[in-house]
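Only one structure is covered here, and it is reproduced in the block below.
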Amino acid sequence: MSVFDTLKERGYLEQCTHEEEIRELLESGPVKFYIGFDPTADSLHIGHFIQIMVMAHMQRAGHIPVALIGGGTTMIGDPSGRSDMRQVMTQERIAQNGEMFKKVFEKFLTFEDDRALMVNNADWILDLNYINFIRDVGSYFSVNQMLAAECYKNRMEKGLTFLEFNYMLLQAYDFYRLHEDYGVQMQFGGNDQWSNIIAGVNLTRKKSGADVYGMTFSLLTTSEGIKMGKTAKGALWLDAEKTSPYEFYQYWRNIADADVEKCLALLTFLPMDEVRRLGSYKDEKINESKETLAFEVTKMIHGEEEAVKAQEASRALFKGGPDSSDVPTVTITAEELGDGLDILTILDKAGLISSKSEGRRLVQQNGIAVDGTKVTDIAQVFTPDDFSDGLLIKKGKKIYKKVTVA
RNA sequence: GGGAGAAUGCCCGAGUGGCUAAAGGGGGCGGACUGUAAAUCCGUUGGCUCAGCCUACGAUGGUUCGAAUCCAUCUUCUCCCA
């Protein structure tokens, strides 16, 4: 089966410019393709992971991924899918973030023997000459068409700066340069990138007269159409420092029934018959599929060891009761503990609450249990004796935190 | 550059001098029910040394016994004209 069909079958594919030609191209030999990543944060989140999976599938099929770091384009900020202007970042931050990205990519792709490349568009964008650029590139764009593009539409109401309006030209120019300098023939991206990708395809075709293509992939959304990967603390990060493996595991363990099959197909390498089998489970049995999903995805991001730990911790907590050593742990000093601390202070130190009032509310609403016993008194004090094995605090139904004394 | 309007709690959005820690909705959190799902229902949602106090309606200053509400200046945003 060709990669094209694989990508299609697993549900990555959303739109493509020339289906027949693309299929042929991909079957005829190694193809260089690129995906852009804007280094606006120092870690990648789950949305980027889909793109990484696509690169991995493609590399496995012998094609060559080019990961483009948008060091230059980030100076402008992509208005797609944004209702407000992006924050402008310093060049140092951007470069630093780009480095972090590469580390993640290396887990899924091999960069050996140029089997994958990583380039930064700052290399050609930063010293563009304005007049030359608008003459060479700007003349190929129709403002009328641009304004009709989906990505600018919702900004027409809120206001769109000229700075951001130029983003499309730069991304299109990227494709042109990558084609000229590296022989890149295709651009991939999230479905929100469709307008920008077409712009690049059109520009390159017009300027170089070459056949280049574009494809977009589904954004990870829930069955209700909401973007996935949002947690209470923000995005679901791939960096263990920002989202612990346990939290990460729990996110997938708690996914909606309807999304299980889609996630398995998009986020794991499990064979499709397996995916379909797991996705067809009903009622309580689908929990098994969710475990598989959570385990597989966690394994890919954080490694097998962490995945096993996360799985054991979660099984122990939910099935066998509150007794596990692999729960996120917070350590306080004996000095801080003194002769004992009240529950609100402990919750605060454990990072479970953002204010004492919140803690009060939780206790009053029966949302806190310590070592399996509900705490009902907001003044309850825990002494060093209670801490002999550490305290296992349960907040709500699913959040556990262990507090130990050092 | 000229003119008109807007700024309220996490978000949207009521509120035009005391009854406003501020309606309503969304989201979040907790509880019930469950399958660590969804839906539903109930409660809660500024902070604290919590029957009380403090801080809050873009910013600063003013009027008043009393201001989110009135006045002045400033800031930001939107719209119309150029």
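Not measured: the values here are computed from a predicted model. By convention in this document, chain letters (A, B, ...) are assigned in the order of the sequence lines, proteins followed by strands, and residues within each chain are numbered from 1.
- Each of A/Q311 and A/L344 was matched to the nucleotide of RNA chain B holding its nearest heavy atom; the match closer to the 5' end belongs to A/Q311.
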Which dot-bracket string describes RNA chain B (Watson-Crick N1-N3 plus N6-O4 or O6-N4, or G-U N1-O2 and O6-N3, all under 3.5 Å; [ ] crossing; | other strand)? (((((((..(((.....[.....)))((((((.......))))))(((...)))...(((((..]....)))))))))))).
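- A/K285 comes within 4.0 angstrom of no nucleic acid atom, judged by non-hydrogen atoms across all strands.
- The number of heavy-atom neighbours closer than 6.0 Å to CG of A/D389, taken from other residues, nucleotides and ligands shown, is 12 or below.
- Checked against the 6.0 Å centroid criterion, the rings of A/Y12 and A/H57 qualify as a close aromatic pair.
- One P atom belongs to B/A7, the other to B/A68, and the distance between them is 16 Å to the nearest Å.
- Ring geometry, A/H48 versus A/F37: the interplanar angle falls from 30° to 60°, so the pair is classed tilted.
- With P as the reference atom, B/A22 and B/U45 are 10 Å apart, rounded to whole Å.
- The aromatic rings of A/H302 and A/F248 sit perpendicular, their planes meeting at an angle over 60°, well past the 30° parallel limit.
- Taking the C1' atom of each, B/U69 and B/C57 are spaced 10 Å apart, rounded to whole Å.
- The CD-P distance, from A/E291 to B/G35, rounds to 16 Å in whole Å.
- Rounded to a whole Å, the CG atom of A/N366 is 12 Å from the P atom of B/C33.
- Taking only side-chain atoms of A/I286, from C-beta outward, the nucleotide of B/G31, B/U36, B/G35 with the closest atom is B/G35.
- For B/G47, the OP1/OP2 oxygens have a side-chain nitrogen or oxygen of A/R361 closer than 4.0 Å.
- Contact between the side-chain N/O atoms of A/K398 and the OP1/OP2 oxygens of B/A37 is found at a separation under 4.0 Å.
- Atom NZ in A/K397 sits roughly 8 Å away from atom C1' in B/A32 (whole-Å rounding).
- For the pair A/L362 CG and B/G47 P, the computed distance is 12 Å after rounding to whole Å.
- Distance, A/D342 CG to B/C48 C1': 13 Å, rounded to whole Å.
- Look at CD on A/E284: it is 12 Å from P on B/A37, rounded to the nearest Å.
- Distance from the side chain of A/K356 is smallest for B/U49 among the nucleotides B/G31, B/U49, B/G47.
- For A/F33 and A/H63, the ring centers sit 6.0 Å or farther from each other.
- Under a 4.0 Å N-O distance rule, the pair A/K299/A/E306 does not qualify as a salt bridge.
- The phosphate of B/C48 has OP1 or OP2 within less than 4.0 Å of a side-chain N or O from A/S355.
- The CD-P distance, from A/Q364 to B/G31, rounds to 14 Å in whole Å.
- Taking the P atoms as reference points, B/C79 lies 26 Å from B/C71, given to the whole Å.
- Closest to the A/D257 side chain, of the nucleotides B/A37, B/C48, B/U36, is B/A37.
- Annotation: cation-pi geometry satisfied between A/K207 and A/Y176 (NZ/CZ under 6.0 angstrom from ring centroid, within 45° of ring axis).
- Residue A/R253 is the one, among A/S354 and A/R253, whose nearest nucleotide of RNA chain B lies closer to the 5' end (criterion: closest heavy atom).
- Rounded to whole Å, the separation between the C1' atoms of B/G9 and B/G25 comes to 14 Å.
- No hydrogens or angles were tested; on distance alone, a donor-acceptor pair under 3.5 Å links the side chain of A/Q365 to the base of B/G43.
- When rounded to the nearest whole Å, the span between CD of A/E358 and C1' of B/C10 equals 13 Å.
- Remark: the separation of the P atoms in B/G43 and B/G24 is 12 Å, to the nearest Å.
- The same atom, P, is picked in B/G66 and in B/G18; the two are 14 Å apart, to the nearest Å.
- Nucleotides B/C11 and B/G27 have their C1' atoms positioned 7 Å apart, rounded to a whole Å.
- Judged purely by distance below 3.5 Å, without hydrogens or angles, the side chains of A/D174 and A/Q171 never pair a donor atom with an acceptor atom.
- Contact annotation: side chain of A/S314 to base of B/U36, donor-acceptor pair present below 3.5 Å.
- What you find for A/H18 and A/V212 is that their closest heavy atoms are CE1-O, 4.4 Å.
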